[in-house]
Colleague: 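Just dropping this structure here.
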Amino acid sequence: MKEYDHKQIDPKWQNEWEHSNLYRAVDFADKPKKYILVEFPYASGDGVHIGHCRTYSMIDVLARFERMQGYNVLFPMGWDAFGLPTENYAIKHKINPKVVTKQNTDNFRRQLKMMGYSFDWSREIDTTEPSYYKWTQWIFLKFLENGLAYKEKAPINWCPKCKVGLANEEVVNGRHERCGSEVEMKELSQWMLKITAYADRLADELDEVDYPESIKAAQRNWIGRKTWIDISFDVEGTGQKLVVSTTQPETIYGVTFIVVAPEHPIFDEDKKFVPEEYRDTVLAYKKEAQGKTPEERADEKMKKTGVFTGLYAINPVNGERVQIWMTDFVLMTVGTGAVMGVPGHDKRDFQFATQYKLPVARVIVGPDGKTGEINKISEVQHDAGTVVNSDILDGLSVDEASEKIMDHLVENGIGHAEVRYNIHDWIFSRQHYWGEPIPVVFCEKCGTVPVPEKDLPVVLPDVESYEPTETGESPLAAIDEWVNTTCPTCGGTAKRETDTMPNWAGSSWYFYRFCDPDNDTAIADPEKLNYWMPVDFYDGGAEHVTLHLLYSRFWHKFLNDIGVVPGKEPYRARRNHGMLLGEGGTKMSKSLGNVINPDDLVEKFGADVVRLYLLFTGPHEGTVEWSDRAIQGVNRFVRKFWKFFMENANAKKKTDDVSELGVEIAVNRLIRQLTDELPQRKFNTSVAALMEFYNDAHEKPVTIENLQKIAVAIAPMVPHVAEEFWSAVGGNGSVHAQPWPEVDEKLLQQESVVIPVQINGKVRGKVNISPDASEDTVRAAVMALDSVQRCLDGQDVKKFIYVPGKIATLVV
RNA sequence: GCCGGGGUGGUGGAACUGGCAGACACGCAGGACUUAAAAUCCUGUUCCCGCUUGCGGGAGUGCGGGUUCGAUCCCCGCCCCCGGCACCA
């Protein structure tokens with residue numbers, strides 16, 4: 001018998017697959033299409049992470065299974081390769097990032113091929129190839145042409161370490177999500193993409209796609225659409241109106257003060273609205289607040305602070321005169337930067353009122369039924385209850401009152417409703433070398449001029465130094481011969497834009513390029529896009545939910561609007577894969593020394609053992625831990641299974657030699673389970689099913705037909721082993737080109753079943769019955785049981801329940 | 001605080017969404033083979049109690065209630081963990 005030798009069989013079949021183009025997706029094939037996509041990796045110098053392998057192993061099973069189900073499957077792979085890690089590596093080692101990228105992608109490709117994934121390598125793409133980023137630039141020009149890209153001087157999030165502007169999505173807890181440095185604010189002129197123009201559709205059209213609720217919620221939350229009402233308060237003695245915004249207008253009769261952000265224009269010194277005797281303290285507080293970092297200002301444990309400004313506002317609904325305070329817990333960037341203080345029904349306002357001894361009023365009686373004074377923070381709430389002490393709103397529920405007062409304020413010209421969003425326009429400029437140049441020139445006469453389509457791509461020039469500059473300018477700005485150009489419109493002297501695009505640009509449209517990777521006249525042939533799009537199943541990381549996933553939906557909707565791509569949404573279904581942590585539950589990292597290298601594993605165990613183990617670790621969407629021990633279990637299993645299969649294959653038994661049907665049933669049960677579970681991505685139980693099959697079958701006689709079915713059924717999970725099996729039992733062609741085996745349902749309807757018998761909910765025995773036995777027959781069999789008689793002990797049976805094929809229950 | 005997802009043996013995790021809880025695997029214990037070890041194979045393995053073994057009894061899916069013949073699953077009230085958002089008014 002041939003031993004299992006992965007070093008021989010892995011490369012043998014990988015070569016065979018490559019030479020026969022086995023996994024090529026055929027444009028316009030007659031079969032129904034299925035576009036299965038897994039996020040392409042950032043090609044870092046560390047090589048493929050074992051977590052990548054887990055995900056790809058799972059999605060590869062899916063792709064192989066769907067092919068065998070008769071689908072024309074597009075399962076592509078490529079490289080997201082612009083960006084900081086490569087640039088930093090290039091700076092450190094003084095190597096051109098192009099060279100670094102080539103090394104990295106070569107290594108990634110080698111590793112993924114070593115794992116035996118069924119990617120269609122003929123469609124490989126690289127976002128840093130000019131032939132690719134030409135189209136990234138082209139899409140930018142379309143944004144520009146349609147008024148959705150604009151340059152604006154604005155305070156932006158600035159990472160002092162990476163010397164780069166950041167999008168809001170890249171700032172996590174006041175820190176750059178990639179390097180962890182504290183983010184500063186910096187005034188810079190930046191290209192922006194108007195994602196806010198698509199905010200409503202990005203939120204609403206989530207209803208049309210199959211994403212987990214957690215993703216939809218995270219995106220809606222990030223978009224943060226709310227209806228606000230802006231209410232005008234007169235500021236006493238100034239002739240000014242102060243516009244206060246709220247989402248809880250039903251508490252307006254509970255206003256006892258107004259709190260305003262320090263940056264609010266009403267406090268501008270030259271306007272002198274603040275009474276003279278208060279000016280010094282107000283100014284001092286303002287300065288102090290502006291000296292704090294956004295993080296310090298947002299620190300929840302920090303005490304609420306503020307100063308009375310000497311100004312009073314008049315509540316438009318009841319004419320009440322209330323103090324106006326300046327405080328840094330109100331943010332100028334939210335609403336109008338002025339908030340009504342309702343300490344009875346808002347916890348922050350309550351804290352503030354307690355601190356400065358401001359009055360507290362009750363206008364809602366909550367579920368606790370209390371009607372008196374509000375003295376404790378635990379009594380502060382606005383979610384539910386009946387409105388009181390509120391004139392026209394008295395007796396209404398919170399929701400009714402909200403609606404009524406909104407209408408009232410709007411009708412009387414005191415307030416107006418305003419839909420606001422949390423999402424801001426996308427800062428699209430980066431002051432770095434290793435990115436797509438933004439295809440724009442600045443002409444003294446013509447202003448900002450887009451580079452004409454025929455001149456694309458604007459190729460990234462070679463530079464001496466890749467380091468970002470202290471001034472915040474891109475290193476490209478130092479290359480005069482590149483920067484200085486002629487204006488495409490007037491032919492006069494002009495300068496190129498030196499900002500490059502963010503890392504997210506190339507990945508916002510890459511799924512189109514896989515449909516037609518070599519097209520040099522369009523992002524892809526529209527016919528091919530029509531055939532392949534949308535992506536039917538998209539796997540990716542949870543960290544991309546408000547970044548890549550939202551950005552690419554935005555690009556897609558825009559490109560659909562201008563007729564470039566089909567359909568409202570790019571991805572029909574999306575799932576997030578779980579993380580693979582190191583042993584002990586910590587993240588794998590070089591510093592902890594717990595990084596698992598796929599090269600070592602494949603060398604030791606072979607690709608199929610590694611794949612099968614990764615499938616066995618747990619559900620696709622769950623976070624799991626690496627275990628050195630558990631992979632040994634799978635290794636043992638594969639070797640046992642190999643022995644069982646090959647010994648039987650060599651024996652070459654014929655069907656008529658076998659009288660026993662046990663294995664026949666087991667084979668069908670296995671196929672039944674895999675057929676049901678693989679598309680649901682319950683890979684861990686599919687591996688268990690395979691092990692159960694072995695445990696059941698390995699000592700029973702097996703026919704060649706059985707073995708052939710087994711080889712086909714295991715092909716998606718262990719592709720190399722399956723090929724060996726298939727050829728050992730005389731199969732023609734590749735096992736992966738075989739149709740998925742049919743389940744013989746008749747065989748699975750066994751002649752008898754064992755069902756449990758319960759008395760008062762406890763199992764007291766079992767009966768062996770035919771699945772189509774009548775209730776009376778079952779009852780007779782149950783009553784005949786010794787164990788039942790013993791437990792009944794003469795008591796009357798009040799009720800007999802028989803759930804066919806499942807259970808029989810007696811109630812006494 | 002709000003939103004989303006969870007809590008099952010020593011461990012990773014099963015259980016067709018109301019029908020035998022703990023599949024499969026890891027680990028552990030005992031045994032076989034071996035001079036010995038590794039490897040391999042066999043047996044056992046939720047906990048507690050009783051018994052001579054075959055066996056019998058009880059408890060048990062974060063906690064407390066409820067619905068039901070029957071609840072890991074449904075309902076009510078809590079506790080804890082993970083992820084997202086957040087002085088968002």
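Note on naming: letters A, B, ... go to the chains in the order of the sequence lines (proteins, then strands), and numbering restarts at 1 for each one.
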Colleague: Students often get this wrong, so: under 4.0 angstrom with heavy atoms, is A:Arg639 touching a base, only sugar-phosphate, or nothing?
Modeller: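 No contact.
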
Colleague: If you pin A:Lys682 and A:Asp346 to their nearest nucleotides in RNA chain B, which one's is more 5'?
Modeller: A:Lys682

Colleague: Is any side-chain heavy atom of A:Val243 less than 4.5 Å from a side-chain heavy atom of A:Glu418?
Modeller: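 No, every pair of side-chain atoms sits at 4.5 Å or beyond.
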
Colleague: Looking at every strand, decide which applies to A:Asp349 at a 4.0 Å heavy-atom threshold: base, sugar-phosphate, or nothing.
Modeller: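 The residue A:Asp349 makes no contact with any strand.
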
Colleague: Reckon A:Pro212 touches a base, only the sugar-phosphate, or nothing at all at heavy-atom distances under 4.0 Å?
Modeller: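 No contact.
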
Colleague: Round to the nearest Å and state the distance from A:Asp230 atom CG to B:A89 atom P.
Modeller: 13 Å

Colleague: Looking at the angle O4'-C1'-N9-C4 for a purine or O4'-C1'-N1-C2 for a pyrimidine, is B:U72 syn or anti, with syn meaning within 90° of 0?
Modeller: anti

Colleague: Just call it for A:Ser627: base, sugar-phosphate, or nothing, with non-hydrogen atoms closer than 4.0 Å on any strand.
Modeller: nothing

Colleague: Can you see if the side chain of A:Arg636 gets near the phosphate of B:U40 - specifically, an N or O under 4.0 Å from OP1 or OP2?
Modeller: yes

Colleague: When you measure from the side chain of A:Met691, which nucleotide among B:C24, B:C20, B:A14 comes out closest?
Modeller: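 Of the candidates, B:C24 comes closest.
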
Colleague: Is any side-chain heavy atom of A:Ile324 closer than 4.5 Å to one of A:Phe233?
Modeller: no

Colleague: If I take atom CG in residue A:Leu206 and atom C1' in nucleotide B:G4, what distance separates them, rounded to the nearest angstrom?
Modeller: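 That distance rounds to 14 Å.
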
Colleague: To the nearest Å, give me how far apart NE2 (A:His698) and P (B:U40) are.
Modeller: 14 Å

Colleague: A:Glu621 has an atom CD; how far is it from atom C1' of B:G4, in whole Å?
Modeller: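 In whole Å, B:G4 C1' lies 13 Å from A:Glu621 CD.
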
Colleague: Checking all strands, does A:Ala217 fall into the base, sugar-phosphate, or nothing category for heavy-atom contacts under 4.0 angstrom?
Modeller: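 A:Ala217: backbone/sugar contact only, no base atoms under 4.0 Å.
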
Colleague: Does the gap between the ring centers of A:Phe257 and A:Phe352 come in under 6.0 Å?
Modeller: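 Close enough - the centres of the two rings lie under 6.0 Å apart.
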
Colleague: In the structure I gave you, are the side-chain heavy atoms of A:Met58 and A:Leu615 within less than 4.5 Å of one another anywhere?
Modeller: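 Result yes, sub-4.5 Å side-chain heavy-atom pair found.
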
Colleague: Is A:Gln758 touching bases, backbone alone, or none of the nucleic acid, heavy atoms closer than 4.0 Å?
Modeller: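 Base, at least one base heavy atom under 4.0 Å.
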
Colleague: Going by the glycosidic torsion and a 90 degree boundary from 0, is the base of B:G60 oriented syn or anti?
Modeller: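 Anti, which is what one calls it when the glycosidic angle falls more than 90° from 0.
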
Colleague: Just the rounded figure in Å: distance from P of B:C87 to CD1 of A:Ile377.
Modeller: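 From A:Ile377 CD1 to B:C87 P: 17 Å.
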
Colleague: When all nucleic acid strands are considered with a 4.0 Å heavy-atom cut-off, which category describes A:Asn684: base, sugar-phosphate, or nothing?
Modeller: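 The answer is sugar-phosphate, as A:Asn684 gets under 4.0 Å only of primed atoms, P, OP1 or OP2.
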
Colleague: If you only use heavy atoms from C-beta on, which nucleotide in B:C69, B:C20, B:C24 is closest to the side chain of A:Val763?
Modeller: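 It is B:C20.
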
Colleague: With no angle test and no hydrogens, is the base of B:C87 tied to the side chain of A:Lys304 by a donor-acceptor pair under 3.5 Å?
Modeller: yes

Colleague: Is there a side-chain polar atom (N or O) of A:Asn422 under 4.0 Å from OP1 or OP2 of B:C85?
Modeller: no

Colleague: Given the P atoms of B:A15 and B:C74, what is the spacing between them in whole Å?
Modeller: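 Those two atoms are separated by 15 Å.
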
Colleague: Of A:Phe645, A:Phe644, A:Trp642, which is the lone residue that meets ring-ring contact (aromatic ring centres under 6.0 Å, His included) with A:Tyr4?
Modeller: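 Exactly one option meets the ring-ring contact (aromatic ring centres under 6.0 Å, His included) with A:Tyr4, and it is A:Trp642.
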
Colleague: Would you kindly check if the NZ (Lys) or CZ (Arg) of A:Arg574 is within the cone defined by 45 degrees around the ring axis of A:Tyr211 and under 6.0 Å from the six-membered ring centre?
Modeller: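 Relative to the ring axis of A:Tyr211, which defines the angle, A:Arg574 lies outside at least one limit.
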
Colleague: May I ask you to say what A:Arg629 touches in the nucleic acid, namely base, sugar-phosphate or nothing, with a heavy-atom cut-off under 4.0 Å?
Modeller: sugar-phosphate

Colleague: For the side chain of A:Phe329, counting heavy atoms from C-beta on, which of B:C87, B:C24, B:G19 is nearest?
Modeller: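 Shortest atom-to-atom distance from the side chain points to B:C87.
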
Colleague: Pairing of RNA chain B as dot-bracket, 5' to 3': ( ) intra-strand, [ ] crossing, | other strand, . unpaired, with Watson-Crick or G-U pairs under 3.5 Å?
Modeller: (((((((..(((......[....)))((((((.......))))))(((((....)))))..(((((..]....))))))))))))....

Colleague: Relative to the 5' end of RNA chain B, which residue comes earlier, A:Thr623 or A:Ile759, by the nucleotide with the nearest heavy atom?
Modeller: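 Looking at RNA chain B, the more 5' nearest nucleotide goes with A:Thr623.
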
Colleague: Calculate the interatomic distance between A:Lys226 atom NZ and B:A89 atom C1'; express it in whole Å.
Modeller: 8 Å

Colleague: Which whole-number value in Å describes the distance from A:Glu213 CD to B:C2 P?
Modeller: 18 Å

Colleague: Strictly below 4.0 Å: does A:Lys640 bring a side-chain N or O up to OP1 or OP2 of B:A25?
Modeller: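 No, A:Lys640 has no side-chain N/O under 4.0 Å of OP1/OP2 on B:A25.
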
Colleague: Counting heavy atoms from C-beta on, name the nucleotide in B:C20, B:A89, B:G57 closest to the side chain of A:Arg764.
Modeller: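 So the side chain of A:Arg764 is nearest to B:G57.
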
Colleague: C1' atom, B:C80 versus B:G64: distance in rounded Å?
Modeller: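 Their C1' atoms lie roughly 15 Å apart.
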
Colleague: Quick one: label A:Gly633 by what it contacts on the DNA or RNA (base, sugar-phosphate, nothing), any heavy atom closer than 4.0 Å.
Modeller: sugar-phosphate

Colleague: Report yes if a donor N or O on one partner sits less than 3.5 Å from an acceptor N or O on the other, where the partners are the side chain of A:Lys766 and the base of B:C20; otherwise report no.
Modeller: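 Answer is yes: a donor-acceptor pair is held.
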
Colleague: Name the closest nucleotide to the A:Lys806 side chain, picking from B:A89, B:G19, B:G84.
Modeller: B:G19

Colleague: Heavy atoms from C-beta onward define the side chain here; which of B:A89, B:C24, B:G27 lies closest to that of A:Leu331?
Modeller: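 Between B:A89, B:C24, B:G27, the one nearest the side chain of A:Leu331 would be B:A89.
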
Colleague: Should the pair A:Asp204-A:Arg225 be classified as a salt bridge under the 4.0 Å nitrogen-to-oxygen rule?
Modeller: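 Salt bridge flag = yes for A:Arg225 with A:Asp204.
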
Colleague: Starting at CZ of A:Arg669 and ending at P of B:C24, how long is that distance when rounded to a whole Å?
Modeller: 12 Å

Colleague: Kindly say if A:Asn576 contacts the phosphate of B:G83, meaning a side-chain N or O under 4.0 Å from OP1 or OP2.
Modeller: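 No.
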
Colleague: Just N and O in the side chain of A:Arg220: are any of them under 4.0 Å from OP1 or OP2 of B:G4?
Modeller: no

Colleague: For nucleotides B:C51 and B:G57, find the distance between their P atoms and express it as a whole number of Å.
Modeller: 16 Å

Colleague: B:G13, B:C20, B:A86: which one has an atom nearest the side-chain heavy atoms of A:Val624?
Modeller: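 The answer is B:G13.
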
Colleague: Can you identify which nucleotide, out of B:A14, B:C24, B:C87, has its nearest atom closest to the A:Phe616 side chain?
Modeller: B:C24

Colleague: Looking only at side-chain atoms of A:Thr246, point me to the closest of B:A14, B:A89, B:G19.
Modeller: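 Nearest to the side chain of A:Thr246 among the choices is B:A89.
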
Colleague: If you only use heavy atoms from C-beta on, which nucleotide in B:A89, B:G19, B:C85 is closest to the side chain of A:Arg348?
Modeller: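 When the side chain of A:Arg348 is considered, B:A89 is the closest of B:A89, B:G19, B:C85.
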
Colleague: Donor-acceptor pair, distance only, cut-off 3.5 Å: does the side chain of A:Thr256 make one with the backbone of A:Pro359?
Modeller: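 Answer holds: yes.
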
Colleague: Between B:C81 and B:U67, how far apart are the C1' atoms? Round to whole Å, please.
Modeller: 29 Å

Colleague: Does any donor atom in the side chain of A:Ser57 or A:Tyr613 lie under 3.5 Å from an acceptor atom in the other side chain?
Modeller: no

Colleague: Mind checking if A:Thr617 touches a base, just sugar-phosphate, or nothing, with heavy atoms under 4.0 Å?
Modeller: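 Sugar-phosphate only.
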
Colleague: Within this structure, what is the CZ-CD1 distance for the pair A:Arg220 and A:Ile423, rounded to the nearest 0.5 Å?
Modeller: 14.0 Å

Colleague: Is there side-chain contact between A:Ile807 and A:Val763, with heavy atoms separated by less than 4.5 Å?
Modeller: no

Colleague: C1' atom, B:G1 versus B:C49: distance in rounded Å?
Modeller: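 Their C1' atoms lie roughly 49 Å apart.
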
